[in-house]
Amino acid sequence: MTEEHHSTEQQLIDNRIEKMARFRERGDEPFKYRFERTCSIADARAAFEAAEAGSENPEQVTVAASVAGRMVALRGQGKVTFADLRDESGRIQVFFRSNELGDDAYERLKDLDIGDFLGMEGEVFRTRRGEVTVRAVTYTLLAKSLRPLPEKWHGLTDVETRYRQRYLDMVANPEVLETFRRRSRIIATLRHWLTARGFLEVETPMLHQIPGGATARPFVTHHNTFDRDFYLRIAPELHLKRLLVGGFEKVFEINRSFRNEGVDTLHNPEFTMMELYEAYQDYMGLMDETEEMLSHVAREVTGGTSFEYQGQTIDMARPWKRVSLFEAIREYAGIDLEPHQNDRNAAAELAEGIGCVIEDAMGYGKIVDEVMSDKVKPHLLQPTFLHDYPLEISPLAKKKRGAPNLTERFQLFVAGMEMGNAFSELNDPIDQRERFMDQVRQRERGDDEAQYLDEDYITALEVGMPPAAGLGVGIDRLTMLLTNQASIREVILFPQLRTVEARGAVTLPGGPEAAGGAETS
RNA sequence: GGACGGGUAGCUCAGGUGGUAGAGCAUCGGACUUUUAAUCCGGUGGCCGUGGGUUCGAGUCCCACCCCGUUCACCA
């Protein structure tokens, strides 16, 4: 052995590079520029089957077709070779025969590998074994694949590789494509439903000077020429409501928010939210609309309102259960926190009595929230609205009519997951300032998730915002529900994982050392 | 951050009590003109996650660390 040590993987790659080089030596560029297909693979199959069905001699039917796709299997058998070709529409068997292609072209099949993209002109026919197949009249290599694909039978199961190299996951596990098609359809359906009802789709900043609209820790980033820090938004809420001040009456945004919190099966640092705001509406009216909208989406993407989620049957048919937060706590936790709104310690004692972990820093609102999360949420399998939340954990919601310690707020739960959050929007600037000040006091007491005072937002409310209701829906979780996935990472194309040292890693431009070096405009 | 499970060939996985690292698929060579997890014959291929330690000897035992998954805590 005179050569230096090569890994198995490198040997497999070297083989393919040599094959690629042979194409070049023959003057056949292994990475083509264009190929004229006459049809997709699914259409080729459909056209053939239609012709066959309409023929008196079905055995003799052939249909001409040019198709292209990735070769995903190869079965050589001497002077004939079978392969499987796949495009986005489906898979079809292709057939190469020595005496039809000629010896030279047939020999060159040896320089093809699984994973290569091929284009071919051929005749669709049915083999003796009954499989619809394209017989190649000519074929051409469209793009060479230089790395081996995962094994054909077991595919790719290693979750880490599936997430880090999603393209391999997609090639090896076609059902992954289906999950993300459905995600796209969920979003398209929502968008269509909203725009059809007069909602205007808008885009508001993701770089915020003051992170607001939610209780969460933000990511910090830095603008060089302004020489100041920005925060990646934790919610679009405050900007969307400024648009109601400005004169839009129905707006929505579907895009990413970022929260610098833990990662688990329900949380990714960047996630997609749909938020909508509707002037002259309140939270009860919005509950009706939420029901209508989401049951419509479920029907559009699953074919019905009833479907399986992780072994449970979920039924999204209207109407959905509506129960006040305190009633739900009485029902599922067996304690009544409602009478203790001015006695935080009594509430804490009751909560601890049923096994909840209550910290000293937690106020009444957080205790209620804790009990709900711990004892109520897991029971809410069928779509359920909990409504009327404590004031102190709802700083952007209007006080409930006739119950000023509560807010007109609801959350939607399905399959034990929080899916949505909504309220009658607080539009009294004096009240809003007080609520913000209360948050600021909580922050000063060490709660780093408490909200910041946003003076400009108060100014906007002072200009005047119409009564309105707003809703946020977690699109990733909605997608989990409607694709029967247990982890949020299965519905995010490129979920965030810890970085590992990449092979051939390069230093990124624009880093601290490179600052000022690269002029880009 | 804690607990539990995992990391062995390109992929999927085996490797009782420590003793030269295995299979299937893929790959390479050969046979084969209707196969489809094609078949048959032969071959190549390994920093056993990383770094220490114990030992004559470590994939295996000990310690630390890295990464992934589940879960608890926190959160949406």
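Below, read A as the first sequence line, B as the second, and so on, with proteins coming before strands; counting in each chain starts at 1. Hydrogens, waters and symmetry mates are skipped; everything else that's a heavy atom, side chains included, is used.
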Ring centres under 6.0 angstrom apart (A/Phe96, A/Tyr139): yes
Under a 3.5 Å cut-off for both distances, is B/rC25 Watson-Crick or wobble paired, and to whom? B/rG10
Considering only the C1' atoms, how many Å lie between B/rU55 and B/rC41, rounded to the nearest integer? 44 Å
Quote, to the nearest angstrom, the C1' distance that separates B/rC13 from B/rU50. 23 Å
Could you check if a side-chain atom of A/Arg45 sits within less than 4.5 angstrom of a side-chain atom of A/Val124, using non-hydrogen atoms only? no
Residue matched to B/rU50 through Watson-Crick or wobble contacts both under 3.5 angstrom: B/rA64
Rounded to whole angstroms, how far apart are CG on A/Asp14 and P on B/rU44? 18 Å
If we call it a pair only when both distances are under 3.5 Å in a Watson-Crick or G-U wobble match, what pairs with B/rU44? none
Could you give the distance separating B/rA23 and B/rC4 at their C1' atoms, to the nearest angstrom? 30 Å
d(CZ, A/Arg91; C1', B/rU36) in whole Å: 8 Å
Given 3.5 Å as the limit, does a donor-acceptor pair link the side chain of A/Arg183 with the main chain of A/Val491, or not? yes
Using a cut-off of 6.0 Å, state whether more than 12 heavy atoms not belonging to A/Gln310 lie near its atom CD. yes
With a 4.0 Å cut-off on heavy atoms, is A/Asn268 in touch with a base, just the backbone sugar-phosphate, or nothing at all? base
Using whole Å, what does the distance between atom P of nucleotide B/rG1 and atom CZ of A/Arg217 come to? 13 Å
Between P of B/rU36 and NZ of A/Lys152, the distance in whole Å: 11 Å
Between C1' of B/rA26 and CG of A/Leu112, the distance in whole Å: 16 Å
In B/S/- notation, 5' to 3', how is nucleotides 64-71 of chain B contacted by protein heavy atoms closer than 4.0 Å? ---SSSSS
Separation of B/rG24 C1' from A/Trp153 CH2 (nearest whole Å): 13 Å
Closest-nucleotide ordering on RNA chain B, the 5'-leading residue of A/Asn15 and A/Ala73: A/Asn15
If you measure from the P atom in B/rC65 to the same atom in B/rG24, how many Å do you get, rounded? 40 Å
Ignoring hydrogens and geometry, is there a side-chain-to-backbone donor-acceptor pair from A/Glu449 to A/Ala216 under 3.5 Å? no
Do the side chain of A/Tyr309 and the main chain of A/Gln485 share a donor and acceptor less than 3.5 angstrom apart? yes
Determine yes or no for a side-chain-to-main-chain donor-acceptor pair under 3.5 angstrom, with A/Arg182 supplying the side chain and A/Leu482 the backbone. yes
Using the C1' atom in both, what is the distance from B/rC28 to B/rG7, to the nearest Å? 29 Å
Could you write out each protein N or O paired with an N or O of nucleotides 7-11 of chain B at a distance under 3.5 Å?
unit_1	atom_1	unit_2	atom_2	d
B/rG10	OP1	A/Thr8	OG1	3.4
B/rG10	OP1	A/Glu9	N	3.1
B/rC11	O2'	A/Glu151	N	3.3
B/rC11	O2'	A/Gly155	O	2.8

If you count the non-hydrogen atoms of other residues, nucleotides and ligands that lie under 6.0 Å from CD in A/Glu203, is the total more than 12? no
Find the distance A/Asp374:CG to B/rC74:C1' and express it as a whole number of Å. 12 Å
Write down the distance separating the C1' atoms in B/rU8 and B/rG22, rounded off to the nearest Å. 10 Å
Are A/Phe423 and A/Tyr283 close enough that their ring centers fall under 6.0 Å? no
Can you name the salt bridge (charged side-chain N to carboxylate O under 4.0 Å, His left out) partners of A/Arg477, sequence neighbours left out? none
Say you pick atom P in B/rA14 and the same atom in B/rG6; how far apart are they, in whole Å? 10 Å
Could you tabulate the donor-acceptor pairs under 3.5 Å formed by side-chain atoms of residues 348-371 of chain A, not counting sequence neighbours?
unit_1	atom_1	unit_2	atom_2	d
A/Tyr364	OH	A/Leu337	O	2.7
A/Lys366	NZ	A/Asp447	OD2	3.2

Whole angstroms only, please: what is the NZ-P distance between A/Lys366 and B/rA73? 15 Å
Using Watson-Crick geometry (N1-N3 plus N6-O4 or O6-N4) or G-U wobble (N1-O2, O6-N3), each under 3.5 Å, B/rA3 is paired with B/rU70
Quick one: does A/Glu253's side chain have a donor or acceptor within less than 3.5 Å of a partner on A/Thr204's backbone? yes
With A/His379, which residues qualify under ring pair (Phe, Tyr, Trp, His ring centres under 6.0 Å), at least two apart? A/Tyr332
Watson-Crick or G-U wobble mate for B/rU34, both contacts under 3.5 Å: none
Using atom C1' of each nucleotide, how far apart are B/rG49 and B/rC67 to the nearest Å? 7 Å
Do nucleotides 29-35 of chain B as a string where each nucleotide becomes B, S or -: B if the base has a protein heavy atom under 4.0 Å, S if just the sugar-phosphate does, - if no protein is that close. ---BBBB
